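Nothing here was measured: the structure is a model prediction, and the numbers come from that model.
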Amino acid sequence: MERSLRLVENPVDRLARTLEALLVIAAKPLALEELAAAAADDAERVETALALLAGRYREGRSGIVLERVAGGYAFRAAREAADACARLVERPVQRNLSQAALETLAVVAYLGPVSRPEIARIRGVAADSAVAGLVERGLVAEAGRAGEGGAVRYETTPLFERVFGLADRSELPELEELAGEAGDLRARLEDVAARRGA
Amino acid sequence: MERSLRLVENPVDRLARTLEALLVIAAKPLALEELAAAAADDAERVETALALLAGRYREGRSGIVLERVAGGYAFRAAREAADACARLVERPVQRNLSQAALETLAVVAYLGPVSRPEIARIRGVAADSAVAGLVERGLVAEAGRAGEGGAVRYETTPLFERVFGLADRSELPELEELAGEAGDLRARLEDVAARRGA
Amino acid sequence: MAVAVRELPLDLDAFEGPFDLLLTLVLREELDLADVDVAGVVLAFVERLEERAALDLEACGEFLVLVAALLELKARGLFPGEEVDLEDLDPEEAAGELAERLAAYRRFRAAAGWLEERLETESERFFRTGPAPLAPVPLRPLAAQDPAALAAALRALAAEPPDVSLGHLVLSYPPVSRFLDRFRALVRGRGRFSFDREVTGLTRPEQIVAFLALLELRKRGEVALGQAAPFEPITVWSAASAS
């Protein structure tokens, strides 16, 4: 049936394909006007095409379901695939943190509250993605700014203490051999990083 | 035609719907094993179902295209909808990649994991800002350090393969083939001299 | 606009023409490198650079590689010493090494070109990079971790860095004149001095510029140079006092 429609290219069908493309790349639900603007077509025709798609992308017929939500239209997974989607999303317990995550976490744990520029200076590489990852995991959280208009600073969270089995930060293993010799741990780290030239 | 298949529920068709659901919610390409694990089915059957979906989600037939990319499977928008997609989203990843960024990306793609000093040695120019820019774009990511206290090393990301439309890194052309005419500098220089009639 | 290093026009005592022709003649041994004023080449390039608003790092990189190779060839020619291992000094080999390095770089340039073309042909690819709008929120549970790993990570960050010289990456270098003045003063004051001692502790680019100054002084006949063997310390003394 669909095949015969396409032999004589139906303009609504072509619009429907454009809408499929827009919906599959969208990071948020798309309002009718957004879809019309992107498709460079008028809203009425877009609604007609959406109705066609709603018939095609529905529970029982497809694993992709076109959903109308508050913000507009979006694709979602069919309910019959809920278990599979849960298995995909709920990843197995991760054994170890990446090197970048561990280093960043160590800096925040020992020196926090500390800003991203400070972390970057000590590690010698931009800290943005590593910090974002730790925030997403809930191991690190924002802790105000360094003064008015200063950089956002970060510190470890109660979840961090649970994961590392610490009652509080004072239970972190001592680094007296580092702190003792240079006086200030942070100064020493920054000094070494500067000489690493990284 | 499709409707009749569904009257007698075909198990492959049901698996195909599950895969559709997984692919439409995935944030990145999914490897065959990931799909099989999430669908709780065996890899061979998943491959069969993927072949079925590849026939359905292809250029010209659908606005959603199933492709093999970055070591897995992913949906993307059909090429015919590129203009509409460009009106909807920006493409910061691809925009304005400088010559320095492209050269650095090439070194990381072929030699990664590789450190900034190593990249600099090949390019003869400091690689710091080029690497930072590529990390920010998500095309390159940290991959541990070269030994304790050593320089951070970098490798390309799955996003890199996706942006460049590579099923995996082995699809990069052989360096030696690329060299081609560039091989013998002396011959080239002497050629230049001969043409100048020196 | 990039500075085309290979087409850099040169007007030297021994040679007039583009830089790549100079290289060709040197590689073919039709031009004695000892007669080539390398400082003049550097000056021509620096002047060319100054005409541009922005620093062209790419051109600087290519230029530094070429000039470093020229200098190495020239240095070997200038200090033949007594009996030297010919294999080590074969300019053919040195030139081969230079060509090899450039070829490696050119391969990656070609790869970059391939990537650029690929971006063009794949410019119609659109896909979502983040989570789907209505997808379940992913959970990332983490196993119990050992706090000792944190201490180890911080200790590693505080560890003395391995000795990696990044000196060649620094593109700012002092004027040749500074070393000309300094070396003239040293020769006037002490009569002779050890070049190696003078440049110890300087950055690589500073050492290169200092060496250029030394070659310049010798070319002008102001100083004489001596060296017990290749790669041994270089002694500099006043050419006037020697004669």
Item to check | Max heavy-atom pair count under 4.5 Å with chain C, selected residue of A:Val24, A:Ile25, A:Val69, A:Leu102 | outcome: A:Ile25

Tell me, side chain or backbone of [X] under 4.5 Å from chain C's heavy atoms, or both, or neither?
X: A:Ala77; value: neither
X: A:Leu166; value: side chain
X: A:Gln99; value: neither
X: A:Arg137; value: side chain
X: A:Leu97; value: both
X: A:Asn96; value: both

Checklist entry - Does CZ in C:Arg182 sit with more than 12 non-hydrogen atoms of other residues, nucleotides or ligands closer than 6.0 Å? => result yes

Checklist entry - Does C:Phe183 have its ring centroid less than 6.0 Å away from the ring centroid of C:Phe193? => result yes

Next on the checklist: Do the side chains of A:Glu59 and A:Arg76 get close enough for a salt bridge, i.e. N-O under 4.0 angstrom?
Outcome noted: yes

Checklist entry - Is A:Arg169 paired with A:Glu155 through a side-chain N to carboxylate O contact shorter than 4.0 Å? => result no

Item to check | Pairs touching residues 60-89 of chain A that satisfy ring pair (Phe, Tyr, Trp, His ring centres under 6.0 Å), sequence neighbours left out | outcome: A:Tyr57-A:Phe75

Checklist outcome for this item: Of C:Ala153, C:Ala132, C:Pro147, the largest count of non-hydrogen pairs under 4.5 angstrom with chain A goes to C:Pro147

Next on the checklist: Could you check whether C:Asp196 and C:Ser194, counting side-chain N and O atoms only, form a donor-acceptor pair closer than 3.5 Å?
Outcome noted: no

